[in-house]
Amino acid sequence: MEISYFGEIAEKTNKTSENLQEISDVNSLITFLKITYHLNESDFQIAVNHSIIEISEEKNLEEIDEIAVLSAFAGG
Amino acid sequence: MEISYFGEIAEKTNKTSENLQEISDVNSLITFLKITYHLNESDFQIAVNHSIIEISEEKNLEEIDEIAVLSAFAGG
Amino acid sequence: MHQKLMTKKTKQVFLQGKITPEFIAEMIQNHQTKSEIGAHNIFMGQVRKDVIEGKNVTALHFSCYEEMANKKLEIIREETFEKYHLTCMHIYHSLGRINVGEICLLVFVSAGHRPEVYEATEYIVNRVKSEVPIFGKEIFEDESHQWKKNI
Amino acid sequence: MHQKLMTKKTKQVFLQGKITPEFIAEMIQNHQTKSEIGAHNIFMGQVRKDVIEGKNVTALHFSCYEEMANKKLEIIREETFEKYHLTCMHIYHSLGRINVGEICLLVFVSAGHRPEVYEATEYIVNRVKSEVPIFGKEIFEDESHQWKKNI
């Protein structure tokens, strides 16, 4: 499954995307981000198919989903 | 005493100013405007030294005062 | 007091003819050296093709009682700065004939942060419309006219 | 629904680099043929020289998640038109490095009459800031940076 990184998250992961086979739900993605990149939950937002989801949400992720990890918005 | 006319009032009086010797207070000015130019009180405002006064005000006018008769504002 | 009025520079508000897009661009450009500004808000009044009793408005013709108008505008300027946290404000109003589609009023407000700029702009526009002795005729296609009244 | 989305023309919001005064003048010019318009309101975000822990900000660097951003902007556009009586609205946001004093956000709203333009502008600016995935770094004089966060 393809995961995209944006803003400060792309800086911290040092990549703009990567392919992760083992991730099947939001919780496992969060755990992966914490362990691999030392991110805190307050540092990021997760968008599934262009909608921000609640970090607490128990949600399965499908291969077809467009998944992105975003830092805080700073437009304007 | 010099009276200036602006906007629609200048159109109705067909002049931008005139000198009136007999006017000594606001009431006599109003009476003059009604009789001479057939103006209604709802058609005009009177400014004395750049401030709009209440038409009902009993107020003496001095030779030194700057007196203007104005139609409705339409800026913007 | 009189001394103060005499020495204070009165800002030019009235311009003969329309306010051009180039004039507005130049104002924006002139504010780019002010590094403390984070937000600008600009209101522009444009002459609308109103239809009154079947006749199309083609232009507005403005005149003003300039001495009183400048005095009122100075008061509006001072009271706006007292009420809102602004870095600067500019007001321009056209005199003479302004055709449909052309701009006749410009209110330009700048501040460090955005929260108050919208309300400050509205406040200034409303006061200019209700308190400043500016007179306007709506000119129709057949060159007849009707005097405009702000409510 | 999908059909509708496919055929609808998405408006270009993101521009590489600063928004110039000339670009804004051209937009104003382009609205002068719309004779039903009586009021325009423009908000501009300008890059401010903030001082953070003793270091001066010299520029902001913007990036975005463009696909999601355009979808959110389309929703904001539709909901703004539902909520306010506007003739047209335009939103532009810069990407890349924008120096202090330069303009990075433009919201341009036009209507027949003025009452709603101020609030509509504020509504759009607030939603762009809080809902659109745009990311920004504050670049300091020594080229170090810090990520900007809208509250």
Side-chain angles (χ1 to χ4, degrees), chain C residues 18-51 56-58 60 87 98-126 129 150, chain D residues 18-51 56-58 60 87 98-126 129 150:
Chain C
K18 66 182 173 184
I19 297 166
T20 65
E22 294 70 32
F23 180 83
I24 300 167
E26 209 179 305
M27 289 189 68
I28 296 170
Q29 184 70 57
N30 289 342
H31 285 77
Q32 301 208 318
T33 52
K34 301 200 175 184
S35 59
E36 73 275 28
I37 293 175
H40 303 285
N41 200 52
I42 303 181
F43 176 86
M44 293 175 288
Q46 181 167 301
V47 178
R48 193 177 50 239
K49 188 169 105 185
D50 273 335
V51 181
N56 289 330
V57 170
T58 59
L60 291 179
T87 310
I98 314 300
N99 294 320
V100 163
E102 294 176 344
I103 291 165
C104 58
L105 170 62
L106 178 73
V107 172
F108 189 132
V109 151
S110 308
H113 298 264
R114 76 188 190 288
E116 295 190 317
V117 296
Y118 316 100
E119 193 184 312
T121 307
E122 181 172 15
Y123 174 83
I124 296 164
V125 172
N126 288 347
K129 286 189 162 253
N150 291 342
Chain D
K18 65 183 173 185
I19 297 166
T20 65
E22 294 71 31
F23 180 83
I24 299 167
E26 209 181 305
M27 290 188 67
I28 296 170
Q29 184 69 56
N30 290 343
H31 285 76
Q32 302 208 315
T33 52
K34 301 200 176 186
S35 60
E36 74 274 30
I37 292 175
H40 304 284
N41 200 51
I42 303 181
F43 177 87
M44 295 175 287
Q46 180 167 302
V47 179
R48 193 176 50 238
K49 188 169 105 186
D50 273 333
V51 181
N56 289 330
V57 170
T58 58
L60 291 179
T87 311
I98 313 300
N99 294 319
V100 163
E102 293 175 346
I103 292 165
C104 57
L105 171 61
L106 179 73
V107 173
F108 190 132
V109 151
S110 309
H113 297 264
R114 75 186 192 289
E116 294 189 317
V117 297
Y118 317 100
E119 193 182 311
T121 307
E122 181 171 16
Y123 174 83
I124 296 163
V125 172
N126 287 347
K129 287 191 159 248
N150 292 343

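Reminder, nothing fancy here: chain letters follow the sequence lines and each chain counts from 1. Just so we're clear, the structure is a prediction, and the values are computed from it rather than from any experiment.
In this structure, no portion of Val107(D) lies under 4.5 Å from any heavy atom of chain C. Only the side chain of Ile24(D) comes within contact range of chain C, with heavy atoms under 4.5 Å apart. Looking at Glu36(D), only its backbone comes within 4.5 Å of chain C, counting heavy atoms on both sides. Neither the backbone nor the side chain of Thr33(D) comes within contact range of chain C, judged by heavy atoms closer than 4.5 Å. Asp50(D) does not touch chain C: none of its heavy atoms, backbone or side chain, sits under 4.5 Å away. For Ile103(D), the parts sitting under 4.5 Å from any heavy atom of chain C are the backbone and the side chain alike. Heavy atoms of Lys18(D) lying under 4.5 Å from chain C are absent altogether.
The main-chain N or O of Pro21(D) is never found under 3.5 Å from a side-chain atom of Gln32(C) such that the two would form a donor-acceptor pair. Formation of a donor-acceptor pair under 3.5 Å by the Arg114(D) side chain with backbone atoms of Gly45(C) is not found in this model.
Partner Phe43(D) forms a ring pair (Phe, Tyr, Trp, His ring centres under 6.0 Å) with one of Phe43(C), Phe108(C), Tyr118(C) and no other, that one being Tyr118(C).
Within 6.0 Å of CD in Glu119(C) there are 12 or fewer heavy atoms belonging to other residues, nucleotides or ligands.
Atoms CD1 and CE, from Ile42(D) and Met44(C) in turn, are 3.5 Å apart once rounded to the nearest 0.5 Å. In this structure, the separation between NE2 on His40(D) and CG on Leu105(C) is 11.5 Å, given to the nearest 0.5 Å.
Each of Lys34(C), Glu102(C), Lys129(C) has some count of heavy-atom pairs under 4.5 Å with chain D, and the biggest count is that of Lys129(C).
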